[in-house]
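So the structure is just underneath, and the comments pick up after that.
Given the structure is predicted, the values throughout are model-derived calculations rather than measurements. Scope of the values below: all heavy atoms of this structure, side chains included, with no hydrogens, waters or symmetry mates. Numbers here are sequence positions counted from 1.
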Amino acid sequence: MDQYKTPKRPLIVYFAIFILAIFLFNMLLMPLLTRTPETTYDDFLSKLEAGQVKVVQMSRDTEEILFQTEEDGKTRIYSLGQMEDGTALTQRLEGSGVKFGAVIPQQPSMLGSILSWLLPIVVMLLGSQLLFRSLQKRMGGPNSMQFGKSSAKVYVSAQTGIRFADVAGEDEAKEALGEIVDFLHNPDKYKEIGAAMPKGALLVGPPGTGKTLLAKAVAGEADVPFFSISGSEFVEMFVGMGAARVRDLFKQAQEKAPCIVFIDEIDTIGKKRDGGGMTGNDEREQTLNQLLTEMDGFSSDKGVVILAATNRPESLDPALLRPGRFDRRVPVELPDLQGREAILRVHARKVKLAPEADLHATALATAGASGAELANIINEAALHAVRLERKAISQADLDEAVETVIAGYQRKGAVIPEKQKRIVAYHEIGHALVAARQSDSAPVHKITIVPRTSGALGYTMQVEQEETVLMSREEAFNKIATFTGGRSAEELVFGTYTSGASNDIEQATKLARAMVARLGMSERFDMTALETVGSKYLGGDASLTCSEQTAAQVDQEVIALIKSAHRKALGILEENRAKLDELASFLLERETITGEEFMEILNSPAQ
């Protein structure tokens, strides 16, 4: 789709140019067009003697003599130029009975009269055209002023080139959408039994999980035209434009049926309407009403399937989600371990992998990553391999790519004072040591004190050996204790603490509050839900749903939980003080150590 640049000059410049052009025309060109024709003094005298001169006037400003004659029934005006003998001329005029001193009306020429009316009109028309084109560019191109025209991009299967084989990690979603493909290929099979295909399917899930990719894969598998448009493209500054574009989109879709219509970010136009009757945005509501009407107005046997994507399904209007409109809701969740490995293999087809590269290990280290993030990891690994002049991607490149996506690039030029570097080393070993000495805790994979661009001065990476879907109270409590391990090590060794534990404190508090208010892991509140999570696909902001008194008790419970975990971490570190010093010295020397090196020193006899 063409991109239109914003005009360099503001509209006020064009207005100034038009006004200046009219001003110059009136000041410079019009006097030339209406200038009085000149004649000789002899010609004037001959006309005066012949009685043809009717009126004579002397100009005080230019000292010119103007006279009016009547020739062939027409009145003309002549300019004689400057005269020296004004007294003699006056006597001649008195003797001829000519009106002397009367004001002669200045009559412009025919050309001047025409141009004085025509030229300003032409200038205004040209100016209007320039303003119209400028407005088009500002609003998005030559078709922007076609108010009822849909801006949907139309693809065919040859242009998308995407099939279900190109989508990995979303087997359940592909299975649900596979029925739509089968219906478009074999509609008679469904008609024979009386089954009607859903009019629409709503793809919901976090950003980057492949909702748009799945929609294109459906069109590619069905080999039908694919209309793609974003919800924001319906809503414009002109009231009624969005509704007109919805009508035009469905008209085009029915003309090219069977086809797929995909509306991305449908929550832009599909938000819940309030009950007060005054929405504050009539354009958005008109667009939604038109969409609801159009989805009711066509039958599913026409072969038009509506797909939509959103990561805020809770904000959609109930009328949009009822049966008969978006009949099917297809979750597109974050991939599990098997799905992450499959996604990595799909993207690894485009790059060269070394034999030792282990995509399963990379999938284990990327729990909670979306498909887009996994694709970025493969690309970052390829860039890292090129940077080191390798011919193929090694496991080291994949590990560095994972760390880059999680914590940012290494700050190799950062200078950290030796004292603060020692504090960071003890901090990270504190995390790792507390994690290793607890039974229900993920194994340590890597420890580093190399600063990263995200602001982290170091980090400890833990990797589960297998996929976990449930978390016990003991595991949650041990995670909080691990979060407090870094701060506890600083207190134990240096007798004080720094600001380096700010992120650990935030994570520990968030998990402790979830245990108390949402997960039912508090004896005081038992299985009471005191917190709700909104927009779970966009970070999941939590808010308490209880009285102020209960909220204060929740805070007390959270504080008590974190204090208990903090005491546990301090106890573990005190018991392993010798190993804490030994591991911190080793980390200071090496800056980065693996989990195997860490466990080997931890399990070795004390020196």
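S315 and D267 share no side-chain donor-acceptor pair at under 3.5 Å. Side-chain N/O atoms of T460 and E428 include a donor and acceptor closer than 3.5 Å. Between the side chains of S502 and S499, no donor-acceptor pair is found at a separation under 3.5 Å.
Not counting sequence neighbours, the partners of T545 by the side chain to side chain contact (heavy atoms under 4.5 Å, CB included) test are T532. Applying the side chain to side chain donor-acceptor pair (under 3.5 Å) rule to S564 yields no partners; only residues at least two apart in sequence or on another chain are considered. Annotation: side chain to side chain donor-acceptor pair (under 3.5 Å) contacts of E506 (sequence neighbours excluded): none. Residues passing the side chain to side chain donor-acceptor pair (under 3.5 Å) test with Y409, sequence neighbours excluded: E380. By the side chain to side chain contact (heavy atoms under 4.5 Å, CB included) test, T592 is found to be paired with K446, T448, V450, residues two or more places apart in sequence or in another chain being considered. Not counting sequence neighbours, E221 has no partner by the side chain to side chain donor-acceptor pair (under 3.5 Å) test.
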Checklist entry - Passes side chain to side chain contact (heavy atoms under 4.5 Å, CB included), L177 versus L307? Steps please. => result CA-CA 10 Å; L177 295 174; L307 300 180; 4.3 Å; yes
Next on the checklist: Applying salt bridge (charged side-chain N to carboxylate O under 4.0 Å, His left out) to R322 and D327, what does each step give before you reach the verdict?
Outcome noted: CA-CA 7 Å; R322 73 160 177 80; D327 307 84; over 6 Å; no
Checklist entry - Under the side chain to side chain contact (heavy atoms under 4.5 Å, CB included) criterion, do V444 and M599 qualify, and how do the steps go? => result CA-CA 8 Å; V444 176; M599 292 305 299; 5.6 Å; no
Checklist entry - Do I229 and D264 pass the side chain to side chain contact (heavy atoms under 4.5 Å, CB included) test, and can you show the C-alpha distance, the side-chain angles, and the key distance before you say yes or no? => result CA-CA 6 Å; I229 190 170; D264 198 9; over 6 Å; no
Item to check | Worked verdict on F226 versus F262 for side chain to side chain contact (heavy atoms under 4.5 Å, CB included) | outcome: CA-CA 7 Å; F226 178 75; F262 177 64; 3.5 Å; yes
Item to check | Residues E418, R422; criterion salt bridge (charged side-chain N to carboxylate O under 4.0 Å, His left out); working and verdict | outcome: CA-CA 6 Å; E418 191 64 29; R422 188 164 175 262; over 6 Å; no
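Checked by atom type and distance alone, the side chain of N576 never pairs as donor or acceptor with a backbone atom of L573 at under 3.5 Å. For D182 (side chain) and G178 (main-chain N/O), no donor-acceptor pair under 3.5 Å exists by modelled atom type. Of the possible polar contacts, none joining the D581 side chain to the A578 backbone as a donor-acceptor pair under 3.5 Å is found. Under a 3.5 Å cut-off, the side chain of K211 and the backbone N or O of P206 do form a donor-acceptor pair. At distances below 3.5 Å, not a single donor-acceptor pair connects side-chain atoms of T209 with backbone N or O atoms of G205. In this structure a side-chain-to-backbone donor-acceptor pair under 3.5 Å is present from Q462 to A442.
With K579 as the fixed residue, the side-chain contact (heavy atoms from CB on, under 4.5 Å) test singles out one of R577, E575, E582: E582. Of the options K568, R473, R437, a side chain to side chain donor-acceptor pair (under 3.5 Å) to N478 is made by K568 and by none of the others. Checking L583, N603, L587 one by one against F598, the side-chain contact (heavy atoms from CB on, under 4.5 Å) holds for a single residue, L583.
Screening residues 494-523 for ring-ring contact (aromatic ring centres under 6.0 Å, His included) gives Y426-F494 as the qualifying pairs, with residues at least two apart or on separate chains. Residues in residues 480-491 take part in these side-chain hydrogen bond (donor to acceptor under 3.5 Å, both in side chains) pairs, two or more places apart or across chains: H427-E490, Q438-T482, R487-E491, S488-H566, E490-T498, E491-H566. Each ring-ring contact (aromatic ring centres under 6.0 Å, His included) pair with one or both residues in residues 370-395, not counting sequence neighbours, would appear here, but there are none. Within the structure, the ring-ring contact (aromatic ring centres under 6.0 Å, His included) test picks out no pair touching residues 318-368 (sequence neighbours left out). Among residue pairs with one or both ends in residues 440-493, none qualify as ring-ring contact (aromatic ring centres under 6.0 Å, His included); sequence neighbours excluded.
Residue E175 qualifies as open at atom CD: its count of foreign heavy atoms under 6.0 Å is 12 or below. Taking a 6.0 Å sphere around CD of E600, one finds it holds 12 or fewer heavy atoms contributed by other residues, nucleotides or ligands. By the neighbour-count criterion of 12 heavy atoms within 6.0 Å, atom CD of E356 is densely surrounded, having more than that number from other residues, nucleotides or ligands. Remark: E591 CD is packed, more than 12 non-hydrogen atoms of other residues, nucleotides or ligands lying under 6.0 Å away.
In summary, R452 and E400 engage in a salt bridge, as defined by a charged side-chain N under 4.0 Å from a carboxylate O. A salt bridge links D397 with R390: the closest approach of a Lys/Arg side-chain nitrogen to an acidic carboxylate oxygen falls below 4.0 angstrom. Ion pairing of R312 with E265 is absent here, as no side-chain N (NZ or NE/NH1/NH2) approaches a carboxylate O to less than 4.0 Å.
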Report all side-chain donor-acceptor pairs from residues 362-370 shorter than 3.5 Å, counting only partners two or more places apart or in another chain.
| residue | atom | partner | partner atom | Å |
| --- | --- | --- | --- | --- |
| T362 | OG1 | D358 | O | 3.2 |
| T366 | OG1 | T362 | O | 2.9 |
| T366 | OG1 | A363 | O | 3.2 |
| S370 | OG | E373 | N | 3.4 |

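In this structure, V330 and L202 have side chains that are not in contact, with every pair of non-hydrogen atoms separated by 4.5 Å or more. Residues V305 and V261 fail the side-chain proximity criterion, which asks for heavy atoms closer than 4.5 Å. Side-chain contact check for R328 versus E179: some heavy-atom pair is nearer than 4.5 Å. Under the 4.5 Å side-chain criterion, counting only non-hydrogen atoms from C-beta, K352 is not in contact with K391. Two residues are said to be in side-chain contact when any heavy atoms from C-beta on lie closer than 4.5 Å; K421 and L588 meet this criterion. Residues E557 and V554 form no side-chain contact, since every pair of their non-hydrogen atoms from C-beta on lies 4.5 Å or further apart. Side chains of I562 and I505 form no contact here, defined as non-hydrogen atoms less than 4.5 Å apart. For the pair Q507 and K479, the minimum side-chain heavy-atom distance is 4.5 Å or more.
In this structure, A425 and I449 approach most closely via the heavy-atom pair CA-CG2, 3.8 Å. The shortest heavy-atom contact between A392 and A385 is O-CB, 3.9 Å. When all heavy atoms of K199 and R325 are compared, the closest pair comes out as CB-O, 3.6 Å. Minimum heavy-atom separation, A173 to L214: CB-CD1, 3.8 Å. Minimum interatomic distance between I378 and L398 (heavy atoms only, all atoms of both residues): CD1-CD2, 4.1 Å. Residues A512 and V558 approach most closely at CB-CG1, 3.9 Å, considering heavy atoms.
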